[in-house]
2 protein chains.
Amino acid sequence: MKIIPNLSVDCVVFGFDLTKLNILLTKRELRDPETDALLFTDYTLQGHHVLENEDLDNAANRVLKEKTGLDSIFLEQFHTFGDTDRIKNPKDMLWVKNIYPTVTNQVITVGYYSLVNSAKIHPDKKHEDTMWFPAENLPELGFDHAEIIDKALSCLRIKLSREPIGFELLPEKFTLSQLQILYEAVLGRKYDRRNFRKKITQLKYIIPLDEKQTGVAHKPAQVFIFSKDVYERTKKDKLGFPI
Amino acid sequence: MKIIPNLSVDCVVFGFDLTKLNILLTKRELRDPETDALLFTDYTLQGHHVLENEDLDNAANRVLKEKTGLDSIFLEQFHTFGDTDRIKNPKDMLWVKNIYPTVTNQVITVGYYSLVNSAKIHPDKKHEDTMWFPAENLPELGFDHAEIIDKALSCLRIKLSREPIGFELLPEKFTLSQLQILYEAVLGRKYDRRNFRKKITQLKYIIPLDEKQTGVAHKPAQVFIFSKDVYERTKKDKLGFPI
DNA sequence: TCAATAAATGTATTAATTACACAATGCAAA
DNA sequence: TTTGCATTGTGTAATTAATACATTTATTGA
C-alpha cells in the first residue's frame, strides 16, 4: 500500500489510571547513519501517513491498532494542522531528511484523540518505546506535537463538558470517586464531593450495581456502570459541567 | 501557483440579514462539451484546492477573498472530510472528469466556516452566480456539501453557545432584538424577550450607546456595540486567584 | 389623530449551584 | 481483638440562575 506523502494523521491517546490523565507517547531517536552516534531523542504522538484509498478515519484507526494493539476504541477528529512551516525545528528537519527522504516538506496532519482505560495498554515488547506520560508533565516533544496536544486537550474538555464520554477512560465498572477524579483531571478543576454525587446520581444512564469495590483498605465503594443505551434514549437530560 | 491535487478547503459562509441565517452558495452548471446541452445545475460551497506552499488557513482566506471580496473576516476550521467515497454521486463524478480531469479521485477537504454581516456582500457582477440562501431552505447541493453544512452548523452552535462570536454576523451597531433574533436563528430556539435582555445587559462587553435606531415605524431601539477588548479583559479576570 | 409596530420594563416561581461536616465501613497493623 | 487509617456515604441551607408572564411607550405612516 502506497502512502499519501503530503497527508498524515496523528493520534493523541488519552489514558486514565484512576489517578491522573496520561498521554501515550513514542520515543524517537535519530542516530547518525555513519557513526551511529545518537543525535537526539525525544517523544512523539502516534502518527502515520494516510494510505492511498484509505478513509481518514480508517487511517486513524489503523495507526492506533498498529501502535497500541487497540481496536474500535473511542476516536474523535479534532483539528487539522496545515501550516507550511509545521516542521521547522532543525532536529525535525534532520529527522525527516533521514527517515522519509522522499516525503514532501509540506505535510498536513489531521489530529484525532482517543480515550482508553490505561490499564488496557500493557507495556508490550513490540512497543517498548511507547509509554504513558502524565498530561501535566510531558517530556520533550517532536515536531509541533506540543501544539497538537494542547488543542486536543482543549477540544476534549469542551466535549467532556457536553457529553458523557468520560466512561471511555474508565473500566466498565467504576466508583463515583473514580469518576470524579477523572472529571477533575480532565477539566483541571475540583468538584465538591457531595454536589458531584448529587448530580451524577440523578442521571439515569449511570447505573448502580449490587456490587462493591474489593481489595481496598477502607470502606469499599459501590460500583456503577454507564449505559450508552439508556443515554441515547434519554439524551434530553443533559450533562453539563461548568468548567 | 500549482495546486495540491488531493487537498482542498471548503468555506461555509454564514450571513445574517437581521431576519434569518443565510448561507452563501455558488451556482454550478455542467454542459456537454460537444452539444453544450445543460447536463445539470446545482449549488456548491466556496472551495478550492490548497496551493503548494500555502498554509491551510491562508487557503481558506484566499478562497473567501476570491469568491466574496471579503478580507480578514471571522474564519474557523471545524472539520476535515476525508472519506474516499466523498465524490460518489454520478453528477459529481462527471463534473470532476470534465472540469478537473487531472485531479486524483481522492480529495480530502478541510471545512471552514465564516461569519459575515450579509449586507457586506453585495450582489456583484463578477460573482453573479454566488448568492445567499436561507439556511432553513437550501437548494440542491453538489458533492457532500449538505453534510459539510450540517457539520458546520452544529459546530457553530456549540461555539456560539460558549463564546461571543455572534457579533461577527451583525453590523457594528445593533439592537438587542437583532441580537436575540440572531441567537434564535442560529441556535434554532426561541428566547423570552425580557429574560434575554436581562442576561445580555449584565455582560460588560455589550455596551449601550447614547444613540437610537432611526427610520423605523415604531419606537426606536437603543443601539449597542460589542467590545472585544472588554471581553478579552474580563475573560482573563475570571482566571484570577482568590487570596 | 389614529393605527400599527416593536421597544422597554419588573416580579414571582422554580430549578440549579454552591458551601459545608460527620458518622459508617472495612482493612491493616499493633 | 482492638485501634487507627483511609475513604465512603449522606442532607440542608443559602445563593444564584432560569423561567414565565403583560402593560406602557415612542415612532412612523395612513
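Taking 4.0 Å as the cutoff to heavy atoms of chain A, we find the contact window on DNA chain D bounded by D:dA6 to D:dT12.
If you check residues 182-200 of chain B against DNA chain D, the residues with a heavy atom closer than 4.0 Å are B:Asp192, B:Arg194, B:Asn195, B:Lys198, B:Lys199, listed by number. Remark: nothing in residues 170-179 of chain A comes within less than 4.0 Å of DNA chain C through any heavy atom. Contacts between residues 204-218 of chain B and DNA chain D, counted as heavy-atom distances below 4.0 Å, involve B:Val216, B:Ala217, B:His218.
Side chains of B:Asn61 and B:Tyr112: a donor-acceptor N/O pair is absent below 3.5 angstrom, by distance only. Side-chain contact, A:Thr26 with A:Asp129: no donor N or O sits under 3.5 Å from an acceptor N or O.
Classification of the B:Tyr231-B:Phe226 ring pair by plane angle, with boundaries at 30° and 60°, yields tilted.
Remark: B:Asp229 pairs with B:Arg233 by the salt bridge (Lys or Arg N to Asp or Glu O under 4.0 Å) rule, at least two apart or across chains. With sequence neighbours excluded, no residue satisfies salt bridge (Lys or Arg N to Asp or Glu O under 4.0 Å) with A:Glu168. Under the side chain to side chain donor-acceptor pair (under 3.5 Å) criterion, A:Glu136 pairs with no residue at all, not counting sequence neighbours. A:Lys27 is linked by a side chain to side chain donor-acceptor pair (under 3.5 Å) to nothing, counting only residues two or more places apart in sequence or in another chain. Here B:Gln213 pairs with nothing under the side chain to side chain donor-acceptor pair (under 3.5 Å) rule; sequence neighbours left out. Listed by chain and residue number, nothing satisfies the side chain to side chain donor-acceptor pair (under 3.5 Å) test with A:Ser227 (two or more places apart in sequence, or in another chain).
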Could you go through residues 179-189 of chain B and list every donor-acceptor pair under 3.5 Å that involves a side-chain atom there, pairing it with any protein atom two or more places apart or in another chain?
{"unit_1": "B:Gln180", "atom_1": "NE2", "unit_2": "B:Glu184", "atom_2": "OE2", "d": "3.1"}
{"unit_1": "B:Gln180", "atom_1": "NE2", "unit_2": "B:Tyr191", "atom_2": "O", "d": "2.8"}
{"unit_1": "B:Glu184", "atom_1": "OE2", "unit_2": "B:Tyr191", "atom_2": "N", "d": "2.8"}

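If you take CD of B:Gln180 and C1' of C:dA6, they are 12 Å apart, rounded to a whole angstrom. With rounding to whole Å, A:Lys219 atom NZ is found 9 Å from C:dG26 atom C1'. Note: CD (A:Gln222) to C1' (C:dT25) measures 14 Å, nearest angstrom.
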Quiz item: Taking it one step at a time, do B:Ile207 and B:Val230 satisfy side chain to side chain contact (heavy atoms under 4.5 Å, CB included)?
Solution: CA-CA 10 Å; B:Ile207 301 167; B:Val230 175; 4.2 Å; yes
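Annotation for B:Ser161 and A:Arg162: closest pair OG-NH1, 3.7 Å, computed over non-hydrogen atoms.
Listed by first and then second residue, the side-chain hydrogen bond (donor to acceptor under 3.5 Å, both in side chains) pairs that reach into residues 141-152 of chain B are B:Arg86-B:Asp144, sequence neighbours excluded.
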